[in-house]
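These notes are about the structure you will find just below.
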Amino acid sequence: MDASTAVGKLARGRLMEPAAFESDRAGEQWAEAYQTGWPEGCRRWAPYFGYVRRGRQPHPLDPKRTLRAPSGGEERYEPDVESGAAEAFADCYETYVLARRLSRYGHTTEGGLP
């Protein structure tokens, strides 16, 4: 049994606060899930549609991970203007707002739904 893990510490008789034990155990499980990967077909960190992640750089040893970029400032998402996704997202949102407004005024589909 690995004494450096939360369960290993508990098994070796090192008493821990219940909250600290649970926090350590959950953290270890998330770290293991991240390292071993998610179920097939699931992406780890899906990008936000219409946005670009800034303030991160590729990890030098693991191409699937990123690190905080020292010159990139705080991590943030900026609108993806270059690909046109930001404009498409804005158009979809305007359509959504218009549909909500029409529903508020009592307009419905042919089936009677908002």
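Everything numeric in this text was worked out from a predicted model, so none of it was measured. All residue numbers in this chain count up from 1 along the given sequence.
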Worksheet entry | side chain to side chain donor-acceptor pair (under 3.5 Å) contacts touching residues 83-100 (sequence neighbours left out) | D80-S83, Y96-R100

Fill in: Linked hydrophobic residues, L102 as query - side chain contacts closer than 4.5 Å
L98

Practice prompt. Say whether F89 and Y77 are linked into one hydrophobic cluster, either directly or through other cluster members, by side-chain heavy-atom distances under 4.5 angstrom.
Written response: yes

Discussion item. Please find the pair of heavy atoms, one from A86 and one from V81, that lie closest to each other, and give the distance.
Written reply: CB-N, 4.2 Å

Worksheet item: Apart from Y105 itself, what residues make up its hydrophobic cluster when side-chain heavy atoms of I, L, V, M, F, W and Y under 4.5 Å apart count as a link, directly or indirectly?
Response: none

